[in-house]
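A, B, ... follow the sequence lines: proteins, then strands. Residue 1 opens every chain. Note that the structure is a prediction, hence the values are computed from the model and not measured.
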Number of protein chains: 2
Amino acid sequence: MVTIKDVARLAGVSMTTVSRAFNEKAIIKAETRKNILAIADKIGYVPNFNARGLVTKKKFIIGVFFSSLHDGTSTSFFSAAIGSLYDALPDNYLLSINDIKRVNSFEQLVQNRVDGVLVVSQSDDDDEFIYQVKSSGIPLVVINRYISDREICNIASDDFAGLKDGVDYIASRGHKRIGMIEGIAGFTSSVQRRQGFDQSVISNNLTPVEAAIKIGDYSSKTGQEKMAEILALPKEQQPTCVVCGNDDTAIGALRACYLNGVKVPDDISLIGFDDIFYSSVSIPSLTTIRKPIGQMAGLGIKDLIAIINGEKVDIANRVKIQPQLVVRESVAKL
Amino acid sequence: MVTIKDVARLAGVSMTTVSRAFNEKAIIKAETRKNILAIADKIGYVPNFNARGLVTKKKFIIGVFFSSLHDGTSTSFFSAAIGSLYDALPDNYLLSINDIKRVNSFEQLVQNRVDGVLVVSQSDDDDEFIYQVKSSGIPLVVINRYISDREICNIASDDFAGLKDGVDYIASRGHKRIGMIEGIAGFTSSVQRRQGFDQSVISNNLTPVEAAIKIGDYSSKTGQEKMAEILALPKEQQPTCVVCGNDDTAIGALRACYLNGVKVPDDISLIGFDDIFYSSVSIPSLTTIRKPIGQMAGLGIKDLIAIINGEKVDIANRVKIQPQLVVRESVAKL
DNA sequence: AAAGGTAATGTTAACGTTTTCATAGGAGGA
DNA sequence: TCCTCCTATGAAAACGTTAACATTACCTTT
């Protein structure tokens, strides 16, 4: 293994100088640096991260923790997040992707292994883990879910505004009687989306159909069940459009319509939330509200790196990213 | 930061003894170990991986490299793979998930950072990277795609047998005239799947419809285009079933049928390959062949760890895992 | 010309482990 | 009783960096 020592000898300088040549901000003559870098390249020197980390106390690893990797849901979300994470990641950092549920040894997996933690949270269940990280003093950013603790750097999407935009669009297409299949009861996202729904109902003077407002759980399976219940309502109680808590729910709902011989959007309209990949190829393709996962991930990593580097980050001023309406085929014009 | 030194002092032993207490295979009196571990736990000692790695020359990180994280395709595949990877991973290892396409500095990201590399390969494009790893002497396992180089530890699925089983099933449902939308031309997986198709055609005495055999590229978009071409054929040239190179292709094909008012499976049947999550909720749900990604990932990590530990792994005896037919709604009984 | 400052580089001591080699103390055999 | 062997432990070096501090040499200022 070729070390800094070998480079130093060949370049006729000290180890320190070689070290400086490799560290951007160090004071060193440009010519010396160039010479050292050339020699290092020639003999194939690569810095040893263990040695470097031992003295700098850094690991050059960011731990990314997802709510759950095993659930079949939100998989395109998952890879979209990772892709954007890498786009914003400094070159010499590694990303360690983990499942919060399988962190059996916090010390082994987190405490001594990563410089910072980015939680891509989808569920209140993550709070325990989040507070464990917070209290251990490791730099922390939580994205994708609203966290009420203002001491935690948090980047979420404005689900309220997103849902409101979506329902405004539905209203603009002439719908009056609308239903909803909500997300998991109690989740911040479910509450905010419901509030966006209510707000639009008021401002557009819509008629929410009580019997067609159901509690779901963000899964396709439940989406299908709840939609079947809605379709079983007497004709005069049917809504003309059902707002789904997320795209997975909408896809289940779509399937319920299919099984009951109900045509979307001819007989009934549907709208989702998230804009997962399958929304663009489903039958019919799904009008939905695109969750800005890429932006959240990018900003999250940026903030996290800043916190790690000891820079001042305005944590209290939490970021809310605006979702965007994606019009496709599932909402009819009445 | 509490170190091994602190534990040693409190336990009244040397650093060496404490180190031994933490290393399973070391010679140490059971009572001494127990005592040391208790004290370490009490004062919150956690081994420093950088220091440990510096002397043992290990990083306790496995690099996992995917063909592409950015393509919208095969995302459930992606998370299924990662989940299974973790199931088989020793406790103190970290997984660094990467995109082959964004490895701009091999030295920075691979050479000095990971103990071994697991490539989840989906494309011939990966070969350059694979050979770079191989020639740098880093322990390597390639899964999910057949590699002809017998010096590389390789675990793939038996796509030939999988496709054959699928077409046998189609034949058993009474289909005679069948078409196909193949994968990317030249890819080993495409070739093997085509061969499985041909084999079943012969043994079941089926009639492949020349005009309905298309070259695709494993994407939904192309699947949709090619299926539209097939549907545009004159009535007497129409196949009763189209075999799709993968589920994404099938989902595109499904959409082409929908847009042309053709009912699946009433008017025409479809079968996919992979068993991605959306196959189970598509309209209609997709009969497909399940690719054993979990098994491949598990075996892959197991072999890789063995290679890293210097154990003898029978590389030449490559593993082929059998895919499994998943019957759903998209193939009609004639 | 002396004093002070600055830019560039060098010396040396950490950083927290594991490993190599050494040592102490019994147990067992002759 | 002495020697040998084995088990359990310890002392010290090594791993490859960076950081703190020291040292040049030259340049400016008075």
Winner on side-chain proximity to B/Ser19, out of C/dT19, D/dT18, D/dG16, is C/dT19
Between A/Ala297 and A/Leu85, which heavy-atom pair has the shortest distance, and what is it? CB-CD1, 3.3 Å
Once you apply a heavy-atom cut-off of 4.0 Å, does B/Ile28 come out as touching a base, just sugar-phosphate, or nothing? sugar-phosphate
If you check every side-chain atom of B/Thr17, which of D/dG16, C/dG16, D/dT9 has the closest atom? D/dT9
Please give, in whole Å, the distance from D/dT24 C1' to A/Ile27 CD1? 15 Å
Let's see if you can work this out: which of C/dT17, D/dG10, D/dG16 has an atom nearest to the side-chain heavy atoms of B/Thr3? C/dT17
Among C/dC15, D/dG10, D/dA8, which nucleotide has an atom closest to any side-chain atom of A/Leu54? C/dC15
Kindly point out which of C/dT18, D/dG16, C/dT9 is positioned nearest to the side chain of A/Thr32? C/dT9
To the nearest Å, give me how far apart CG (B/Asn48) and C1' (C/dA14) are. 14 Å
Starting at atom CD1 of A/Ile36, determine the distance to atom P of D/dT17, rounded to an integer number of angstrom. 13 Å
What is the distance from CZ of A/Phe49 to P of D/dT17, rounded to the nearest Å? 11 Å
Quick one: label A/Tyr45 by what it contacts on the DNA or RNA (base, sugar-phosphate, nothing), any heavy atom closer than 4.0 Å. sugar-phosphate
Spacing between A/Arg52 atom CZ and C/dG16 atom C1', to the nearest angstrom: 18 Å
Touch class at under 4.0 angstrom, heavy-atom based, for B/Asn23 against every strand present: sugar-phosphate
Rounded to the Å, how far apart are B/Asn112 CG and D/dC15 P? 16 Å
Side chains of B/Phe66 and B/Leu118: does their closest heavy-atom pair fall under 4.5 Å? no
Nearest-nucleotide 5' precedence on DNA chain D, A/Val2 against B/Ala30: B/Ala30
Give a yes or no on whether B/Ile43 atom CD1 has more than 12 heavy-atom contacts from other residues, nucleotides or ligands under 6.0 Å away. yes
Taking C/dT17, D/dT17, D/dA20 as options, the one with an atom nearest any side-chain atom of A/Thr16 is D/dA20
Counting C-beta onward and ignoring hydrogens, is there a side-chain heavy-atom pair between B/Leu94 and B/Ile62 closer than 4.5 Å? no
Below 4.0 angstrom from OP1 or OP2 of C/dT18, is there any side-chain N or O of B/Lys57? no
How close or far is atom C1' of C/dT18 from atom NZ of B/Lys5, stated in whole angstroms? 15 Å
Are the side chains of B/Arg113 and A/Phe60 in touch, meaning some heavy atoms are under 4.5 Å apart? yes
Closest nucleotide among D/dT9, C/dT17, C/dT9 to the B/Ile4 side chain: C/dT17
Between B/Tyr45 and B/Phe22, is the ring centroid distance below 6.0 Å? yes
Closest to the side chain of A/Val55, out of C/dA7, C/dT17, D/dA19, is D/dA19
Separation of D/dT18 C1' from A/Met15 CE (nearest whole Å): 9 Å
